[in-house]
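Structure record follows, encoded as structure tokens.
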Amino acid sequence: MAGKYQSLRGFRDLLPGETEHWQRFEARAQRLLHAYGFREIRVPHLEATELFTRSVGEATDIVGKEMFTFEAGRDSVTLRPEMTAQVCRAYIQHGMDRLGLNRLSYIGPAFRKERPQKGRLRQFHQIGVELFGEASPEADAEVIALGMAIVTAAGVAGTKLLINSIGDSDTRPAFRDALLEALRPVAEQLCGDCQSRLERNPLRVLDCKKKKCQELSADAPAILDFLSEDARTHFDGVLANLEELGIEAVVEPRLVRGLDYYVRTTFEIRAEGLGSQDTVLGGGRYDGLVRALGGAQITGMGWAAGLERLFIAAGLDDQPVAPELDLYVVTLGPKARRMALPLVQALRAEGVSVSWDSSGHGLGGQMKRAGRSGARFAVLIGDDELSRGQATIKDLAGGGQSEGPIDALGLARWTRDQREREG
RNA sequence: GUGGGCGUAGCUCAGCGGUAGAGUCCCUGACUGUGGAUCAGGAUGUCGUGGGUUCGAAUCCCAUCGCCCACCCCA
């Protein structure tokens with residue numbers, strides 16, 4: 001508990017050892033996204049509040065109590081609680097439907113003002129994709145396949161794909177009424193949360209984890225029975241395509257996603273061992289959203305995954321990455337010290353990763369720093385080495401010592417040879 | 001917003017009325033040119049903050065802030 005200032009609740013620093021995990025995942029993810037033909041879009045962190053209230057839904061918790069909203073002069077602005085609405089806004093704003101830009105991906109922070117806990121922070125990070133203008137079952141299957149690949153790329157094993165169709169916006173009211181009719185008589189027996197859900201969003205009662213509520217809603221009508229002919233065909237097509245791709249999907253009729261804009265296909269990928277935070281990726285189809293935000297009638301399908309949760313599910317959260325470096329230059333005496341900076345610069349230009357200590361510590365201190373830097377070899381240069389024209393090179397893992405080149409080009413070649421020898 | 005747990009050295013934690021401790025890390029030396037092992041020495045704290053009880057409070061009481069975990073909800 002040192003220092004006067006502390007990061008804000010729900011906001012945290014990513015330190016070296018952890019950032020490497022992020023970099024590795026991001027590199028792998030970008031390769032995958034590229035392989036699927038997606039191109040990255042970067043949208044602002046701040047947006048007009050109305051964009052989110054319109055798209056995510058007034059009644060959702062996100063809009064109701066979790067947004068970081070500020071008054072900026074006459075405008076109300078909000079730190080994005082998710083990115084789909086923004087990507088749609090940008091899609092419309094830049095006329096992307098005419099530019100052939102219909103496969104978009106994003107990665108970055110999002111903000112929700114809720115009580116932090118494991119795998120849930122006020123600033124968290126999402127990676128996601130949006131596929132516009134393709135309403136086919138194949139599109140759904142492809143987007144889901146990409147989601148599975150991303151989760152796998154993060155190193156998560158033991159995933160489970162849950163899928164459902166919540167029908168179209170014009171058939172949902174019928175289901176909602178039927179559901180209400182079935183649940184009203186037993187409303188008293190539902191848990192407190194569900195009683196309020198009954199009014200706000202009855203579909204979510206199906207999603208309640210409490211046993212009693214599940215029993216009470218067991219005999220309630222299933223949404224799949226209310227699908228229109230089109231929606232039913234579409235859903236069957238999605239399932240068939242997933243099977244064709246060898247992706248195992250569990251139809252979960254109780255799966256209801258929280259955001260208002262979803263229609264037809266909804267799905268989540270869950271990871272084992274994460275408790276209530278086990279949904280690592282979630283998404284679905286949102287065919288009416290672009291239109292609702294003022295664009296043309298263009299369909300959409302996408303998902304978002306939480307990076308913090310992915311890393312927890314992959315078991316990476318408590319495994320810091322050790323530093324790696326080719327060389328650490330240790331100098332003795334003023335002559336050697338004067339040539340150190342030009343030397344390390346020349347080595348870097350040759351693609352060798354190298355560090356050194358410019359603060360004038362003694363040999364012991366420098367060796368200690370060399371050991372901690374993660375360097376494979378320490379290159380010792382003192383008066384002896386300068387007169388001999390040979391550097392002393394110490395193997396920091398094995399402890400052995402030998403002579404080696406003292407000039408940049410020679411050292412660079414020597415380093416490359418070592419790398420090759422060690423694979 | 002609700003419930004529970006915890007705040008003592010950079011880190012992990014012990015102490016639970018009588019002068020603030022351990023391990024680790026850090027610094028110095030044994031080794032006048034060698035890190036990681038060993039040994040010896042050293043440094044480090046408004047004991048989260050404010051108030052109260054007491055001759056005396058890290059310890060008991062009250063308040064407050066912060067963190068963690070869970071619920072709600074979600075990625």
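Side-chain atoms are counted along with the backbone in the values below, which use heavy atoms only and exclude waters and symmetry mates. Chain A is the first sequence line, chain B the second, and so forth, proteins listed ahead of strands; every chain is numbered from 1.
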RNA chain B-proximal residues of residues 359-376 of chain A, any heavy atom under 4.0 Å: A:L363, A:G364, A:M367, A:K368, A:R369, A:R372
A:L131/A:E134 under side chain to side chain contact (heavy atoms under 4.5 Å, CB included): CA gap, chis, key distance, verdict: CA-CA 7 Å; A:L131 171 54; A:E134 295 187 31; 3.7 Å; yes
Below 3.5 Å between N/O atoms, which protein atoms pair up with nucleotides 41-44 of chain B? Just atom names and distances, please.
none

Carboxylate-amine/guanidinium proximity below 4.0 Å for A:R24 and A:E26: no
Interatomic distance, A:F124 CZ vs B:rC74 C1' [rounded to whole Å]: 8 Å
Centroid-centroid under 6.0 Å between A:Y328 and A:F377 rings: no
A:Q401 CD - B:rG35 P separation (whole Å): 11 Å
Length of the NZ-P vector between A:K65 and B:rC71, whole Å: 13 Å
Rounded interatomic separation in angstrom, taking CG from A:D384 and C1' from B:rU34: 13 Å
Pairwise C1' distance for B:rU44 and B:rG23, with rounding to whole Å: 15 Å
Euclidean distance, atom NZ of residue A:K118 to atom P of B:rC68 [Å, nearest integer]: 11 Å
d(CD, A:Q117; C1', B:rA75) in whole Å: 12 Å
Each stem that RNA chain B is part of, given as range with range (3 or more consecutive Watson-Crick or G-U pairs, under 3.5 Å): B:1-7 with B:65-71, B:10-13 with B:21-24, B:26-30 with B:38-42, B:48-52 with B:60-64
Residues that A:D384 engages under salt bridge (charged side-chain N to carboxylate O under 4.0 Å, His left out), provided they are two or more places apart: none
Integer-rounded Å distance: B:rU2 P and A:D61 CG: 15 Å
Nearest-angstrom distance, P atom, B:rU8 to B:rA58: 15 Å
P spacing across the pair B:rC11 / B:rG48, given as an integer number of angstrom: 13 Å
Neighbours of RNA chain B within residues 306-317 of chain A, by heavy-atom distance under 4.0 Å: A:G306, A:R309
Sequence-distant partners of A:R122, side-chain hydrogen bond (donor to acceptor under 3.5 Å, both in side chains), two or more places apart: none
Spacing of A:W22 atom CH2 relative to B:rA75 atom C1', expressed in whole Å: 11 Å
Below 4.0 Å: OP1/OP2 of B:rG1 and any side-chain N or O of A:R115: no
